[in-house]
Number of protein chains: 4
Amino acid sequence: MQIGMMGLGRMGGNMARRLMRAGHECVAYDVNPAAVEALVGEGAIGISSIEQFLEKLTPPRAVWIMLPAAITPGIVDKLAAFMQPGDMIIDGGNSNYRDAVDQSAKLAEKGISYIDVGTSGGVWGLERGFCLMIGGPDEAVKHLDPIFATLAPGADLDPSLRPAERGYLHCGPSGAGHFVKMVHNGIEYGMMQAYAEGFNVLKQANVGHAHREADAETTPLPDKQYYQFDMDIEAISEVWRHGSVIGSWLLDLTADALKVDPSLSNFGGRVSDSGEGRWTMKAAIDMGVPVPVLSAAVFSRFDSQGNAEYANKMLSLMRKSFGGHVEKPHGK
Amino acid sequence: MQIGMMGLGRMGGNMARRLMRAGHECVAYDVNPAAVEALVGEGAIGISSIEQFLEKLTPPRAVWIMLPAAITPGIVDKLAAFMQPGDMIIDGGNSNYRDAVDQSAKLAEKGISYIDVGTSGGVWGLERGFCLMIGGPDEAVKHLDPIFATLAPGADLDPSLRPAERGYLHCGPSGAGHFVKMVHNGIEYGMMQAYAEGFNVLKQANVGHAHREADAETTPLPDKQYYQFDMDIEAISEVWRHGSVIGSWLLDLTADALKVDPSLSNFGGRVSDSGEGRWTMKAAIDMGVPVPVLSAAVFSRFDSQGNAEYANKMLSLMRKSFGGHVEKPHGK
Amino acid sequence: MQIGMMGLGRMGGNMARRLMRAGHECVAYDVNPAAVEALVGEGAIGISSIEQFLEKLTPPRAVWIMLPAAITPGIVDKLAAFMQPGDMIIDGGNSNYRDAVDQSAKLAEKGISYIDVGTSGGVWGLERGFCLMIGGPDEAVKHLDPIFATLAPGADLDPSLRPAERGYLHCGPSGAGHFVKMVHNGIEYGMMQAYAEGFNVLKQANVGHAHREADAETTPLPDKQYYQFDMDIEAISEVWRHGSVIGSWLLDLTADALKVDPSLSNFGGRVSDSGEGRWTMKAAIDMGVPVPVLSAAVFSRFDSQGNAEYANKMLSLMRKSFGGHVEKPHGK
Amino acid sequence: MQIGMMGLGRMGGNMARRLMRAGHECVAYDVNPAAVEALVGEGAIGISSIEQFLEKLTPPRAVWIMLPAAITPGIVDKLAAFMQPGDMIIDGGNSNYRDAVDQSAKLAEKGISYIDVGTSGGVWGLERGFCLMIGGPDEAVKHLDPIFATLAPGADLDPSLRPAERGYLHCGPSGAGHFVKMVHNGIEYGMMQAYAEGFNVLKQANVGHAHREADAETTPLPDKQYYQFDMDIEAISEVWRHGSVIGSWLLDLTADALKVDPSLSNFGGRVSDSGEGRWTMKAAIDMGVPVPVLSAAVFSRFDSQGNAEYANKMLSLMRKSFGGHVEKPHGK
């Protein structure tokens, strides 16, 4: 079937490609003309303004938006302005699910369906398929089923299998898709941090070799003899892939990346967070649900961004005030 | 080759089976004669006392112990008492790696090698193979290579692949194997908790339907319209298996278990912890390494065991003292 | 000077009393006529409808609202409907500071000033005074200075001292007062939890006396000899009040309450949370500021309310799936 | 009465002074002769070797040690070597309570009493008195009562008050004193972190003024209008001292220090930890008691020491692997 695709970056471009390879027709738009051209070379119908979606798509039109969360709402409004009853807007980006709840109510008044699709699979989706978590009205979601089935990883599986078993799921009304994706990313943050902490412990397993000074400000390392291991982090990440309880796709990727850069020389340790972890926490807080692990993962990233500095200075001020402790310089 | 196997429970029995199926000879012992008999029926040489390992095994003897951590050290001492220089004791249980550091030093004086093997794979290892994390002296580890290669998941893979790629790894001197397994389990705790918290958030996504009273003791739920989703947890666990970033073996098992018991009706919510999570935390503390996620996972289990009760009562006493707040009864 | 007081509960009643004792004139209203009558008996001018504030107060009128956060916005709207330019509404309750930002902008259009006053001191404020954190326009805050100075603890101190030294502070524009109070309560949660955890550790310091079974599901207690202390919690709470680094007003109250109920027999351990802790977390998340301690305190309360149950059941399901672990019944 | 004092640093020197001012006789020793001389100038009997305690003190001798935890056990052994049955060694430093359990058992064989005294009060103890948490055999603790009563803050109070009300407490057998002090410091860490996090939130309350870029790596700040406050941290720390629920001695000191250095210009944000927080966590882990707040406080310090760096690099590697995310440079 036919679909409009707007936002041809890392994710959107590959989704268009995967759809076209399966025979779907893509009308492609991006603010960057080169991105459009590249996709035209692979069979897409390119357009040079958002308004052209109106003429190039046959009603009921479906436009899939794949843009940063910050600019998506404005684009949706712009699109909706010239769309017609029966048309569909699909937001496949990392938007806040609350926007979908709000937008869908607003667009429903115009007869336009709003479908929110949480999309996981990263840069690997072109070959591997994208896991799709879908929210929206039944009819529109049903209409788009061929698109979802193609994008999902189980495109080649027996179509009698449940969609969930083929990698896509209609999770509920508008907002449900991005909600499930939000929680997915919250879990992702927790898992990543679990691995990262574990590898950090392994890395430091040789601290018993080092000299650690003993003064009133520094605890001596107890039992040095138990911290004498020089661990091969790359090899450990590899062995865990085979038959262990913590095997995962994330671990597969980590092990492969460590083969290329075993000393992590390409990284400085500033870890961005892109919204869903924060939103998961805020939803949990509203609900009264304890999420200590997801929160610790998010806070560790805030810390890596330098945002604990003021608190830490305050701690040093307190230590000096009650105990006369003099702060040690950074770098020990 | 030939190996003694002591402790024929969930793990030990299956390890013996996997070895025998590949043609290794097993001398099997357990305090429970029925467990020995069962294995004899599958080809093992059964013995009825620990001392018989001496005669039934050809030097250099290797006895693999698969017992609870609490009783392992005593058994090792007992075994070592009649073993001879060149013999090997392999501890495949969930022992503290510090025991291995201590034991190996002690046994080295007698010329006996102590090999600690962290073993992951759970009840699935018979078919799937066991992921092995090995610590111990080079020569002994090398001697046992055929055993490790058979137990590991990659038994049928090209033997020119690195052992890590076939699912076993010599991690370092005695203790290194259990250390890596300890950290493995710490990560496992973190991952499990990440999933569990995420599913809890999904489960509560319909709290906007419920009436929540507004009094000075209870925060009103803000924005009810955003918490109206009745999520199908089982279906979500399934869809995430296909192409998402959080796909893992743990998720595979969880999704399968939810198909059988989607309402978790078989569980009350008391979660045991069996040592490695605690040890990982203690090692991290000694090293000065922050492990907030691994710790939050362990503390959540402590909480589920009822161990926060006194602290919570103390909080209620404080709230009453400064604010006159009266505690609400459990069950709201 | 003259002030209207609406909401004569635990806090509002005592504030009116403290003002009247210092010679201020109070026009008092509550939905509960008995509360009004009681205050009339102590010198207040009682009214029986909110509209009567209009006639009983001399312009510029000032009405102080002391109500649950959930109903405050509606009451403010109702009051504002009949107030006149130059009048002032003071919200002294535990409202979300965002309401103050929004309300003040709305009321400014009508020429009405909105002043948000975070109020700490609990049921002790009548004698001890109330710590006041104030947000709002300069002129109105200045006008109300005699009220603030009387309510604050330093009413009898040298008036040449800075207001902060006498217990009240104009923190900034509308919203700033409730913002500072919100953070105050976030800190309060963290401090309370710190004490509660510490007392819990002390309470369990005798676990070495108890028998703890050793099976594959339970870690044996290492080093029993170090956990043989039967601590006198009440006496410890008392000694810490004298010269220790953790002395505080909260500790004073705790020690006094423990003298009355040393075994915490009046409490079941369900700990309410009343909003500010949650709001502090949400603000920190928006800002990207790590608040692991404040969050852990809030999550512990969620846990005490039973909201981790589903997550815990999920953990038990996972443990059974990969390891065949059978859940232990509650109560061990 | 007479007492030996060894270790005349920040704490030990002031303890000796406080004792002498009350008429007790101090025999003083330190490896630094200048420290001894200074105290001799204030009335102490100075000695130049540890062995001289034997002759200068009248049996039963009591020597109070005030040294870093790391070197204390060696010194105790040295002292004990020439002491006689009935003599007493008091360890007032921040030693691990386990050392006291072990040492007291060892010394009991020689008839020497070992008394562990947790001491809080920091550099302020000379004037304010020291809060003392005491472990050890009844008879020796009773014998030393005049010393304890003098050192404690309530030296001038009615002696019919319970010792706890005068600031010292016999908590139990050897080890109990340092155990209670250990937990005291754990609580202290939690309280400090609670304040520090709260102040950090206040400090960032103006982030709405700043421009925050919106790209796929950065969440836009939602609702800028709510983050426009320029808070006066010093003034807030002062106002909270007066009548608020979070008033404490720590807050008093913090407010005073902020008056001198309101911008924290003297601090870089590297926060040391000196052992007790770690030990509290390890004890809690052994007991199975959840201490999420105390742990978060300790981990924040580890983070400030740079020890999360490897974990953070690993997170960046993972993000690049699955999502093609490029790490942002530090400093944003």
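Scope of the values below: all heavy atoms of this structure, side chains included, with no hydrogens, waters or symmetry mates. Chain identifiers are assigned alphabetically (A, B, ...) following the order of the sequence lines, protein sequences preceding nucleic acid strands; residue numbering begins at 1 within each chain. Quick caveat, the model's predicted, so the values are computed rather than measured.
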Open item on the list: Looking at D:Lys259 and D:Glu238, is there a salt bridge between them, counting it only when a charged N and a carboxylate O are closer than 4.0 Å?
Closed with: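 Yes.
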Open item on the list: Taking the basic N atoms (NZ, or NE/NH1/NH2) and the acidic carboxylate oxygens, is any pair closer than 4.0 Å for C:Asp256 and C:Arg241?
Closed with: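 Looking at C:Asp256 and C:Arg241, the cut-off is met.
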Just checking, any donor-acceptor pair under 3.5 angstrom between side chains of [X] and [Y]?
| X | Y | result |
| --- | --- | --- |
| C:His178 | C:Ser95 | no |
| D:Glu165 | C:His242 | no |
| D:Glu276 | D:Asn94 | yes |

Side chain / backbone / both / neither for [X] at chain D, heavy atoms under 4.5 Å:
| X | answer |
| --- | --- |
| C:Glu234 | side chain |
| C:Asp252 | neither |
| C:Arg98 | both |
| C:Val289 | side chain |
| C:Tyr189 | neither |
| C:Ala205 | both |
| C:Leu253 | neither |

Check: [Y] and [X] side chains under 4.5 Å, non-hydrogen atoms:
| X | Y | answer |
| --- | --- | --- |
| D:Pro159 | D:Arg166 | yes |
| D:Met133 | D:Leu169 | no |
| C:Ile134 | C:Phe148 | yes |
| C:Met231 | D:Phe179 | yes |
| C:Val183 | D:Trp240 | yes |
| C:Pro222 | D:Asp286 | yes |

As an exercise: rank [options] by heavy-atom pairs under 4.5 Å with chain D and give me the winner.
| options | result |
| --- | --- |
| C:His184, C:Gln228, C:Gln193 | C:His184 |
| C:Asp223, C:Asn185, C:Asp230 | C:Asp223 |
| C:Leu250, C:Val291, C:Asp102 | C:Val291 |
| C:Ser120, C:Gly175, C:Ala164 | C:Ala164 |
| C:Ala297, C:Gly190, C:Ala283, C:Gly243 | C:Gly243 |
| C:Val101, C:Val245, C:Val201, C:Ile236 | C:Val245 |

Open item on the list: Working to the nearest 0.5 angstrom, can you tell me the gap between C:Glu197 CD and D:Met281 CE?
Closed with: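 Interatomic distance, C:Glu197 CD to D:Met281 CE, rounded to 0.5 Å: 10.0 Å.
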Counting heavy-atom pairs closer than 4.5 Å to chain C, which one of [options] comes out on top?
| options | value |
| --- | --- |
| D:Phe229, D:Phe299, D:Trp124, D:Tyr226 | D:Tyr226 |
| D:Tyr227, D:Tyr195, D:Trp249 | D:Tyr227 |
| D:Ala235, D:Ala284, D:Gly186, D:Gly172 | D:Ala235 |
| D:Gly247, D:Ala296, D:Pro292 | D:Pro292 |
| D:Ala194, D:Ala100, D:Ser237, D:Gly129 | D:Ala194 |
| D:Ser244, D:Ser248, D:Gly198, D:Pro173 | D:Ser244 |

TODO: Could you look at D:Leu132 and say if it's the side chain, the backbone, both or neither that has a heavy atom under 4.5 Å from chain C?
DONE: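 It is the backbone, since no side chain atom gets that close.
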